[in-house]
Amino acid sequence: MTPDRAAGLTDTARALAAGEVSSRTLVEQSLARIEASQGVLNAFRVVRAEAALAEAEAADRELASGVRRPLLGVPVAVKDDMDVAGEPTAFGCAGDHPPVAEDGEAVRRLRAAGAVVVGKTNTCELGQWPFTEGPAFGATRNPWSTGHTPGGSSGGSAAAVAAGLVPAALGSDGAGSVRIPASWTHLIGVKPQRGRISTWPRGESFQGITVNGTLARTVADAALLLDAAAGNHARDPHRPPAVDASAAVRRDPGRLRIALSLKPPFTAVAARLRPEVRARVLELADELAALGHTVEEADPPYGQIGLTFVPRATAGIAEWVADAPFPALLDRRTRDAARLGRLLGGAPLRAARRAEAVLHRRVGAFFDGYDVVLAPTTAAPPPRIGAMLELSGIATDRAMIAACPYAWPWNVLGWPGVNVPAGFTPGGLPVGAQLLGPAHSEPLLFSLAAQLEARLRWHERWPDEAVADSPAGRPPSPRTL
């Protein structure tokens, strides 16, 4: 392992268990990489330097005594919408937020697996947008091109993993917020089945459309992190049957029927798949066909699924805003969305929730003829920093839908999806494609993604170490303990 970039999660866990490296050394290296990159990438809101080193030393003592846990001593990061005891959960919002008393369930399970949480990564305000920028923390930048966004809302986690600051990280996905930044930073991004990784202390984050997921450079690493974080709080409303994602990575998927879906679901705003993204997705479809799968163009019967998304998303924003300690500091777009959410929080929200069962039956029937859907993750490559930051609410919505019309239906359905790298535009910007499945289909998606990875070796390509497109000035420093 070289100190300039993190080795993968699986390799790091193996090296620690074999006594080839200490947790303290790995955490020191991770903290040094974070500090060196923060002035440009700005991936972290909070860096737990002192606490992480103490936890690493405790992990080394356990390892020396023969204790073995799946991630014992491995440094990881989590998005700043997840509670870490003793740290604030600002969720992209301005203000001096108080520390929380307890770990959220996903973080608790990571710790139980032995992971060392080195910090909390930046996210846009309440996770609403496909960029990670705001007055509370500045702009988080894409390691592949620092003039561009890594996406959002899990952009800090994506930037941290893509740059090799940590081997893997947790994010959350309410309309593509794991898959979109994974697409734009050349990563594996997993949106699991609703309830697979607990969102507690909110049993249904954003009215059930938001789930916690994993970002990593390899399929095996994303699966290992998912296995470590998966599970439920006793009061979680969604408790899917357990899966062994790591075992699925090692299995052949068999010959599959794959639907290539290039048409965006209907929205009130026109969205067009950019030719450079379409070309990469078609190349990926050809690779799947070369592996022996049957690939044909077909679109899931989404219908008017967008009518069920808006009430849930905006009502979810209203719930978060109601708990915000500094509401006067919130973005005007956030306040407007919360106002709409309060208006839609009665009968429209109840109707949207009831419609999910109908959608499950209709879209589920599509999987009688197909095993997996292959679709673009986004319609466009990553936008430049600042492109959406100062837009009005309506203009932001239009820009979001134009760039990212493909991911959100699977949040309404609550089913699994995995972003895989699809290659690069002629200008060198990463783009991705989604593998989408029916309920509880993570094992199939992991095995198919691993088969593609073995063929394409996407994890062997890294961003250039030289930051050629670096902006002038520095973002605010992260909170460091």
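Looking at Glu319 and Asp323, their side chains never come closer than 4.5 Å, going by heavy atoms from C-beta outward. Residues Pro376 and Gln434 form no side-chain contact, since every pair of their non-hydrogen atoms from C-beta on lies 4.5 Å or further apart. Side-chain contact between Gln451 and Pro253: present, with at least one pair of heavy atoms (C-beta onward) separated by less than 4.5 Å. Using a 4.5 Å cut-off on side-chain heavy atoms (C-beta onward), Thr89 and Met82 make no contact. Counting heavy atoms from C-beta on, the side chains of Pro201 and Asp83 come closer than 4.5 Å. Under the 4.5 Å side-chain criterion, counting only non-hydrogen atoms from C-beta, Arg361 is in contact with Val358. At a threshold of 4.5 Å between non-hydrogen side-chain atoms, the residues Ile385 and His148 do not count as touching. Side-chain atoms of Thr149 and Asn142, non-hydrogen and from C-beta on, never get closer than 4.5 Å to each other.
With a 6.0 Å radius and a threshold of 12 heavy atoms from other residues, nucleotides or ligands, Leu329 has its CG atom above the threshold. Within a 6.0 Å radius of CZ in Arg455, other residues, nucleotides and ligands contribute more than 12 heavy atoms. Within 6.0 Å of the CD atom in Glu102, the count of heavy atoms belonging to other residues, nucleotides or ligands does not exceed 12. Sparse packing is recorded around CZ of Arg235, with 12 or fewer heavy atoms of other residues, nucleotides or ligands lying under 6.0 Å away.
Residue Trp184 forms a side-chain contact (heavy atoms from CB on, under 4.5 Å) with just one option from Pro150, Pro383, Pro430, and that option is Pro383.
Scanning both residues, Gly152 and Pro181, for their nearest heavy atoms gives O-CD, 3.5 Å. Between Pro381 and Leu429, the shortest heavy-atom distance links the atoms CB-CD1, 4.1 Å. Minimum heavy-atom separation, Ala315 to Gln207: CB-CG, 4.2 Å. The two atoms that bring Val74 and Ala13 nearest to each other are CG2-CA, 3.8 Å, heavy atoms only. The nearest pair of heavy atoms linking Ala182 to Asn419 is C-ND2, 3.4 Å. Nearest heavy-atom pair across Leu391 and Arg332 is O-NH2, 2.6 Å.
Ring centers of His97 and Phe326: under 6.0 Å apart, within the cut-off.
In this model, a donor atom of one side chain and an acceptor atom of the other lie less than 3.5 Å apart for Ser198 and Asp236. If you check the side chains of Ser447 and Arg251, you find no donor sitting under 3.5 Å from an acceptor. For Ser261 and Asp299, the side-chain atoms include at least one donor-acceptor pair closer than 3.5 Å. Side-chain contact of His238 with Gln193: a donor-acceptor pair under 3.5 Å is absent, judged by distance alone.
Electrostatic pairing of Lys120 and Asp80 counts as a salt bridge here, judged by a charged N lying under 4.0 Å from a carboxylate O. Comment: Glu276 does not engage Arg280 in a salt bridge, judged by the lack of any side-chain N to carboxylate O separation of less than 4.0 angstrom. A salt bridge is defined here as a Lys NZ or Arg NE, NH1 or NH2 lying under 4.0 Å from an Asp or Glu carboxylate O, and Arg194 with Glu356 meets this definition.
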task: Report the C-alpha distance between Val243 and Phe446 in whole Å, list the side-chain angles of each, state the deciding distance to 0.1 Å, and finish with yes or no for side chain to side chain contact (heavy atoms under 4.5 Å, CB included).
output: CA-CA 11 Å; Val243 298; Phe446 273 115; over 6 Å; no

Run the side-chain hydrogen bond (donor to acceptor under 3.5 Å, both in side chains) check on Thr294 and Arg257 step by step: do they pass?
CA-CA 5 Å; Thr294 300; Arg257 302 160 299 170; over 6 Å; no

Stepwise, does the side chain to side chain contact (heavy atoms under 4.5 Å, CB included) test hold for Thr308 with Leu359? CA-CA 10 Å; Thr308 73; Leu359 290 165; 3.9 Å; yes

* To do: Kindly indicate, with the supporting measurements, whether the criterion side chain to side chain contact (heavy atoms under 4.5 Å, CB included) is fulfilled by Leu9 and Leu225.
  => CA-CA 8 Å; Leu9 194 73; Leu225 190 63; 3.8 Å; yes

Before giving the answer on side chain to side chain contact (heavy atoms under 4.5 Å, CB included), spell out for Lys263 and Leu273 the whole-Å C-alpha distance, their side-chain angles and the decisive distance to 0.1 Å. CA-CA 8 Å; Lys263 181 182 178 182; Leu273 180 60; over 6 Å; no

Check your understanding: Glu105 and Arg109: salt bridge (charged side-chain N to carboxylate O under 4.0 Å, His left out), yes or no, with the steps?
Key -> CA-CA 6 Å; Glu105 183 65 16; Arg109 287 179 177 271; 2.9 Å; yes

Please assess Thr140 against Glu133 for the test side-chain hydrogen bond (donor to acceptor under 3.5 Å, both in side chains), listing each intermediate value before the final yes or no. CA-CA 6 Å; Thr140 297; Glu133 304 170 52; over 6 Å; no

query: Run the ring pair (Phe, Tyr, Trp, His ring centres under 6.0 Å) check on His360 and Trp415 step by step: do they pass?
result: CA-CA 9 Å; His360 282 170; Trp415 295 345; 5.2 Å; yes

What verdict does the side-chain hydrogen bond (donor to acceptor under 3.5 Å, both in side chains) test give for Ser157 and Thr121, after you've listed the backbone C-alpha separation in whole Å, the side-chain angles of each residue and the deciding distance to 0.1 Å? CA-CA 5 Å; Ser157 286; Thr121 57; 2.7 Å; yes

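In this structure, the separation between CG on Leu260 and CD on Glu297 is 5.0 Å, given to the nearest 0.5 Å. For the atom pair Leu448 CG and Asp371 CG, the distance stands at 9.5 Å (nearest 0.5 Å). The distance from atom CH2 of Trp200 to atom OG of Ser205, rounded to the nearest 0.5 Å, is 12.0 Å. Here the OG1 atom belonging to Thr199 is positioned 6.0 Å from the CG atom belonging to Asn212, to the nearest 0.5 angstrom. For the atom pair CG of Leu256 and CG of Leu374, the computed distance is 12.0 Å after rounding to the nearest 0.5 Å.
Because its NZ or CZ atom is not both nearer than 6.0 Å to the ring centre of Trp144 and within 45° of the ring axis, Arg461 does not count as a cation-pi partner of that residue. Both tests do not hold together for Arg384 against Phe131: distance to the six-membered ring centre under 6.0 Å, angle to the ring axis within 45°.
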Throw together a table of side-chain donor-acceptor distances under 3.5 angstrom for residues 170-177, partners on residues two or more places apart or in other chains.
| from | atom 1 | to | atom 2 | distance (Å) |
| --- | --- | --- | --- | --- |
| Ser172 | OG | Lys79 | NZ | 2.8 |
| Ser172 | OG | Asp81 | OD2 | 2.6 |
| Asp173 | OD1 | Gly176 | N | 2.7 |
| Asp173 | OD1 | Ser177 | N | 3.4 |
| Asp173 | OD1 | Arg179 | NH2 | 3.0 |
| Asp173 | OD1 | Asn411 | ND2 | 3.0 |
| Asp173 | OD2 | Val178 | N | 3.2 |
| Asp173 | OD2 | Arg179 | N | 3.3 |
| Asp173 | OD2 | Arg179 | NE | 2.9 |
| Ser177 | OG | Ser153 | N | 3.1 |
| Ser177 | OG | Ser153 | OG | 3.1 |

Which atom pairs, donor and acceptor, lie under 3.5 Å between side-chain atoms of residues 335-351 and protein residues at least two apart or in another chain?
| from | atom 1 | to | atom 2 | distance (Å) |
| --- | --- | --- | --- | --- |
| Arg335 | NH1 | Leu330 | O | 2.3 |
| Asp336 | OD1 | Arg339 | NH1 | 2.7 |

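By the 30° and 60° cut-offs, the orientation of the rings of Phe206 relative to Trp320 is parallel.
Taking the side-chain hydrogen bond (donor to acceptor under 3.5 Å, both in side chains) definition, one finds that Thr10 meets it with Asp221, sequence neighbours left out.
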